[in-house]
Amino acid sequence: MDWDGLRRELGDWYERVRRDLPWRRTRDPYAIWVSEVMLQQTRVKTVIPYYERFLERFPDVAVLAGADLQAVYKLWEGLGYYSRARHLHAAAGMIMAQMGGRVPSDPQVLRRLPGIGDYIAAAVLSIAFDQPFAVVDGNVKRVLARVFLMETPVNHPPGHARFQTVADRLLDREQPGRHNQALMELGALVCTPKRPLCPQCPWTAHCRALQSGAVPDFPRRVKPRRPGEQFWVAGAVLKKGRLLLTRRPDRGLLAGLWEFPCDRMDGAADPAADCAAMVRRQVGLHCAPPQHLVTVRHAYTHFKLRMALYLCPWQGGRVRLDGPDHFDWVRPDQLDRLPLHGAVHKALPALLQALRGQ
DNA sequence: GAAACGTGGAT
DNA sequence: TATCCAAGTTT
């Protein structure tokens with residue numbers, strides 16, 4: 001295997017075609033780090049506007065560390081995987097408190113920060129600090145699987161180490177940052193999951209999948225299991241023109257985001273009554289018979305959701321929380337101040353229309 | 001080590 | 001409409 005040839009051809013190709021992305025215009029370790037966190041399981045096109053806003057609002061570690069977590073969540077709204085925002089904020093605090101305000105360049109130290117795993121550590125160390133660590137992300141696995149005809153499934157954790165081994169051997173230790181980005185760029189632009197553009201690939205002379213006509217069969221994947229379906233009922237409690245919003249705990253699904261009190265339905269022959277009972281249980285309020293507004297569908301990674309939203313006129317009681325960790329009575333025109341999750345955003349137009357009609 | 005963890009675009 | 005899947009990490 002001509003490793004030097006591979007590295008050179010990849011590097012030359014990258015210099016020719018590389019996209020001008022915002023995080024490629026800086027060597028600031030903080031900015032690189034933020035971009036890598038946002039890019040986790042998220043498309044470049046989606047990330048760009050979030051990245052621009054984030055760097056404008058939180059230009060360095062000190063500003064981020066001093067910000068309210070809620071403000072960070074608000075900026076993260078709609079990007080998904082909200083624990084990333086919490087971890088980023090927490091890590092910034094640790095960097096200020098323990099590391100002199102500088103993103104650490106020591107692999108052991110960096111790797112211990114929350115939200116920084118093997119991939120992000122390697123990316124930051126190579127791109128911002130020129131250290132020889134090879135990244136292994138979805139792009140890299142796909143490219144390696146094809147070029148080396150690797151049978152290892154790319155979506156099965158036990159096989160990850162095999163890809164890391166190959167990536168380590170392939171790494172250009174002279175220009176590790178450029179090399180890592182080039183390999184990912186190749187996966188993103190040419191060696192794509194579907195309909196790869198092999199004629200444009202710098203590695204056609206080396207690719208074993210191409211030579212054996214097996215490109216469409218690689219990479220291998222294990223079959224994911226079907227996500228189940230959940231049914232939730234949500235109640236928009238209305239009192240004197242204000243809506244009750246609750247905040248989800250800082251762990252688990254949609255951590256830290258705001259929503260109308262909601263819960264899974266337990267089979268519910270009578271969803272409206274179930275909603276009223278849910279409101280009593282979750283926030284301790286009594287309401288008039290709930291009126292169905294809309295049912296939205298939403299797909300999460302591991303289950304599908306159908307959420308029925310009801311309008312629940314307040315009748316009595318003071319808020320006592322069981323589940324959510326905060327609440328607020330919000331005027332409908334101020335809902336956009338809170339970070340809300342996708343299902344709530346889908347249901348919101350129906351609610352606002354109903355309120356206007358009252 | 002399997003499962004949890006979001007969302008939107010492409011097909 | 002259903003499925004795939006994208007610059008992964010945590011528990």
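Proteins come first, then strands; the chains are lettered A, B, ... in the order of their sequence lines, and each starts at number 1. Predicted model only: the values in this text are computed from it and were never measured.
Residue contacts for A:Asn155: at a heavy-atom cut-off of 4.0 Å it reaches no nucleic acid atom on any strand shown. Within the nucleic acid shown, A:Arg24 comes within 4.0 Å of at least one base atom, counting heavy atoms only. Nucleic acid contact class of A:Leu254 (heavy atoms, under 4.0 Å, all strands): sugar-phosphate only. A:Trp76 comes within 4.0 angstrom of nothing in the nucleic acid, heavy atoms only. Within the 4.0 angstrom heavy-atom criterion, no nucleotide atom of any strand lies near A:Leu183. Using a 4.0 Å heavy-atom criterion, one finds that A:Gly78 contacts the sugar-phosphate atoms exclusively. Across all strands shown, A:Pro157 has no heavy atoms under 4.0 Å from either base or sugar-phosphate atoms.
Taking atom OH of residue A:Tyr82 and atom P of nucleotide B:dC5, one finds them 13 Å apart after rounding to whole Å. Computed from coordinates, the A:Gln40 CD to B:dT7 P distance equals 15 Å when rounded to whole Å. If you measure from atom CD of A:Gln230 to atom P of B:dA3, you get 16 Å, rounded to the nearest angstrom. Put simply, CG on A:Leu253 is 12 Å from C1' on B:dT7, counting in whole angstrom units. For A:Tyr73 and B:dG6, the OH to P distance is 10 Å, given to the nearest whole Å. Across the protein-nucleic acid pair, A:Leu340 atom CG and B:dG6 atom C1' stand 15 Å apart, rounded to whole Å.
Between A:Asp328 and A:Trp258, the closest side-chain pair of non-hydrogen atoms falls below 4.5 Å. Residues A:Glu229 and A:Phe303 form no side-chain contact, since every pair of their non-hydrogen atoms from C-beta on lies 4.5 Å or further apart.
Protein chain A contacts DNA chain C from C:dA2 to C:dT11, reading 5' to 3' and using non-hydrogen atoms of the protein with a distance under 4.0 Å.
Taking atom P in both B:dC5 and C:dC5, the straight-line distance is 22 Å, to the nearest Å. Comparing C:dA7 with B:dA2, their C1' atoms are spaced 23 Å from each other, to the whole Å. Comparing the same atom, P, in C:dT9 and in B:dG8 gives a spacing of 22 Å after rounding to whole Å.
Nucleotides of DNA chain C nearest to A:Leu39 and A:Arg86 differ in position, and the one nearer the 5' end is that of A:Leu39. Along DNA chain B, the nucleotide closest to A:Arg195 and the one closest to A:Ala343 are compared, and the more 5′ of them pairs with A:Ala343. Projected onto DNA chain B by closest heavy-atom contact, A:His298 and A:Arg225 fall at different nucleotides, the more 5' of which corresponds to A:Arg225. Positionally, the nearest nucleotide of DNA chain C for A:Arg19 lies more toward the 5' end than for the other of A:Arg19 and A:Arg111.
At a cut-off of 3.5 Å, with distance as the only test, no side-chain donor of A:Glu174 or A:His179 sits close to an acceptor on the other residue. Counted by atom type alone, A:Tyr119 and A:Glu36 present one or more donor-acceptor pairs between their side chains at under 3.5 Å.
Residue A:Thr46 places no side-chain atom within donor-acceptor reach of the base of B:dG9, judged by atom type and a 3.5 Å distance cut-off alone. With hydrogens and angles ignored, a donor-acceptor pair under 3.5 angstrom links the side chain of A:Thr301 to the base of B:dG6.
Within the 4.0 Å cut-off from OP1 or OP2 of B:dC5, at least one side-chain nitrogen or oxygen of A:His302 is found.
Both tests do not hold together for A:Arg84 against A:Tyr81: distance to the six-membered ring centre under 6.0 Å, angle to the ring axis within 45°. Note that A:Arg57 lies outside the cation-pi zone of A:Phe54, set by a 6.0 Å cut-off to the ring centre and a 45° limit from the axis.
In this pair, A:Tyr300 and A:Trp232 present their aromatic rings parallel. The plane angle is below 30°, not in the 30 to 60° band.
Closest approach of A:Gly235 and A:Cys312 over heavy atoms only: CA-SG, 3.7 Å.
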Exercise for review: Start with the C-alpha distance between A:His298 and A:Lys304, add both sets of side-chain angles, then the distance that settles side-chain hydrogen bond (donor to acceptor under 3.5 Å, both in side chains), and finish with yes or no.
Suggested key: CA-CA 6 Å; A:His298 199 71; A:Lys304 291 185 295 185; over 6 Å; no
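When distances run from any side-chain atom of A:Tyr300 to the nucleotides B:dG6, B:dG9, B:dA4, the shortest one goes to B:dG6.
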